[in-house]
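The structure appears below as structure tokens.
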Amino acid sequence: ASGVGLSLGVALNHYILNLLGPPMIEEFGWQRSQFALVGSLSLISMLFVPFAGRFTDRFGARPAIAAGFIGGTLIFLPLSMMTGSIWQFYGLTILKNIIGILTTTLVFTRVVVERFDAARGISLAILMSGAPLVGATLVPIIGGIIDAEGWRMGYRVMAMLSATGGLVAFTVIGRRRKPKSDTSGSAPAPAKVSVRMSRADFLRLVRRPAFMLLIGGMLLVNFPQIIVSSQLKLVAMESGATSGFATLLVSLYAVSVVIGRFLSGLALDHYPVHIVAVATLGLPAIGLVGMASPYDAQWVLFGAVTLIGLAQGAEGDVGAYLTSRRFDMAHYSFIFSFVIAAIGIGSAIGSLILGLTLHLTDRFTIFLLLSAVLTLIGAVCFYLTGR
């Protein structure tokens, strides 16, 4: 149930926006640099993530799911009726991002980590693999609908899928279980579990090196997120790929995320998390350099997208696993909200830088090379959490 909800929530837009971008740019005459700024809008929604985390910790997953999916379904309808102003698109996207927080891993990973322990890594992998797997399946289908019926119909299909996902998740997920402290990690078990967090508790949290390295690493490895969330098809076409092959690469990315997720989930149940992190989260650097290189053969693009997808799959497992093992489970969603905020901030900063570099050069090369360097630094941050 969590996998279905996560797959058909706001995460699905992560893949479909790649397909909606080109026809909207063509119809409304937007510049590519304007469309690239859409990724920076998530920075605004990050202000609301800690509140969503506290809400989920206090009331449970099902109320959060109900609010998130009802609002998320309704917002797709005005998106399908846009009249051409880029500011209209920005405003609706901001609202969608804020509501969509309650359909993300912030809610659904809590359901899983409350119920699984010894196989927590693979359990998180199964949960999180739903979104890219569904994305890989639906990208060509919705892409065909967009090509035949237009991008407006694409948004209406998204509304229908969102309503379906919310209904399944809310109905099947069942009642919450009271959180128990996790003593399998480095954090000691408190005498009494409470969802309340005092100011002193919060200050102790932010002073922990593992917390700061987790947040910093997550921010850096998500700097190039805008590429895979909305620009991948455009990057591939700039490298000489046809529209059909570029769409295939979007599906390939989704499949690679699934494979990376399962490989990292299995590894997390058997090896230290910081070793798994540095071995997997450094992979995009190779792929990003490959995409920036002058070599535009199909096999180069194929390999580059595969490496980026494998690491993207590992990232979700590492963040949720590390949070659940090192910190008090009573505050899981609140603490994990900072991980999600780091993802959003990193992606937003990357989007702003991409918009600037596209404005100056009208090419993706500089951004791709900068992203490769920052990704490597982020992977090292995760490695240092083990020390």
Side-chain angles (χ1 to χ4, degrees), residues 1-12 14-15 56 60-62 64-65 68-69 102-139 161-162 164-177 179-180 182 184-185 218 228 251-273 275-277 279-281 283 306 308-326 329 332-333 336 339-340 343:
S2 295
V4 171
L6 185 62
S7 302
L8 298 180
V10 73
L12 183 59
H14 178 80
Y15 303 99
T56 306
R62 297 182 85 207
I65 290 168
F69 277 96
L102 295 176
T103 69
T104 64
T105 53
L106 177 75
V107 176
F108 291 113
T109 58
R110 182 180 184 89
V111 176
V112 170
V113 299
E114 283 180 349
R115 290 163 168 80
F116 297 92
D117 180 25
R120 184 170 296 174
I122 194 62
S123 299
L124 288 168
I126 293 171
L127 162 68
M128 296 186 186
S129 66
L133 186 60
V134 170
T137 304
L138 292 181
V139 159
L161 293 172
S162 176
T164 302
L167 181 62
V168 170
F170 182 84
T171 303
V172 182
I173 213 169
R175 295 182 179 181
R176 73 178 300 192
R177 297 182 181 182
K180 296 180 180 180
D182 189 344
S184 59
M218 195 63 75
V228 295
S251 293
L252 171 66
Y253 165 74
V255 173
S256 300
V257 170
V258 175
I259 296 173
R261 195 144 283 163
F262 274 94
L263 291 177
S264 64
L266 287 170
L268 286 169
D269 286 331
H270 295 87
Y271 302 101
V273 60
I275 300 296
V276 177
T280 56
L281 299 183
L283 287 177
T306 299
I308 294 172
L310 289 173
Q312 180 66 32
E315 171 198 301
D317 285 353
V318 169
Y321 190 93
L322 188 57
T323 302
S324 69
R325 290 299 190 197
R326 299 289 177 85
M329 274 299 303
Y332 173 84
S333 292
F336 194 60
V339 176
I340 294 178
I343 293 173

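The minimum heavy-atom distance between A311 and L283, with the atom names listed, is CB-CB, 4.1 Å. The two residues A125 and F262 have their closest heavy-atom pair at CB-CA, 4.0 Å. Of all heavy-atom pairs between L127 and G3, the closest is CD1-N, 3.6 Å. Here the closest non-hydrogen pair linking L6 and T104 is CD1-C, 3.6 Å. Heavy-atom minimum distance, G5 versus A169: CA-CB, 3.9 Å. Closest of all the heavy-atom pairs between I173 and A1 is N-CB, 3.9 Å.
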T109 vs M128, test: side-chain contact (heavy atoms from CB on, under 4.5 Å). Steps then yes/no.
CA-CA 8 Å; T109 58; M128 296 186 186; 3.3 Å; yes

Would you sort out whether L138 and L161 count as a side-chain contact (heavy atoms from CB on, under 4.5 Å), showing the intermediate values?
CA-CA 10 Å; L138 292 181; L161 293 172; 3.7 Å; yes

Tell me, with the steps shown, if T280 and L310 meet side-chain contact (heavy atoms from CB on, under 4.5 Å).
CA-CA 8 Å; T280 56; L310 289 173; over 6 Å; no

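Judged by distance alone, the side chains of R110 and T56 never bring a donor and an acceptor atom under 3.5 Å apart.
R120 contributes a side-chain N or O that, together with a main-chain N or O of F116, makes up a donor-acceptor pair within less than 3.5 Å. Put simply, the side chain of Y321 never gets that close to the backbone of V273: no donor and acceptor are under 3.5 Å apart. T103 places no side-chain N or O within 3.5 Å of a backbone atom of F69 that could act as its donor or acceptor partner.
Atom OG1 of residue T105 and atom CD1 of residue I343 lie 6.0 Å apart, to the nearest 0.5 angstrom. With rounding to the nearest 0.5 Å, the separation of OG in S264 from CD1 in I259 is 12.0 Å. The structure places CD1 of I275 at 11.5 Å from CG of L268, a figure rounded to the nearest 0.5 Å. To the nearest 0.5 Å, atoms OG (S2) and CD1 (I126) are separated by 12.0 Å. Atom CG of L322 and atom CE of M218 lie 8.0 Å apart (nearest 0.5 Å).
Electrostatic pairing of D117 and R325 counts as a salt bridge here, judged by a charged N lying under 4.0 Å from a carboxylate O.
Between S256 and I308, the closest side-chain pair of non-hydrogen atoms is not below 4.5 Å.
Screening T171, V107, L167 against I65 for a side chain to side chain contact (heavy atoms under 4.5 Å, CB included) leaves a single residue, V107.
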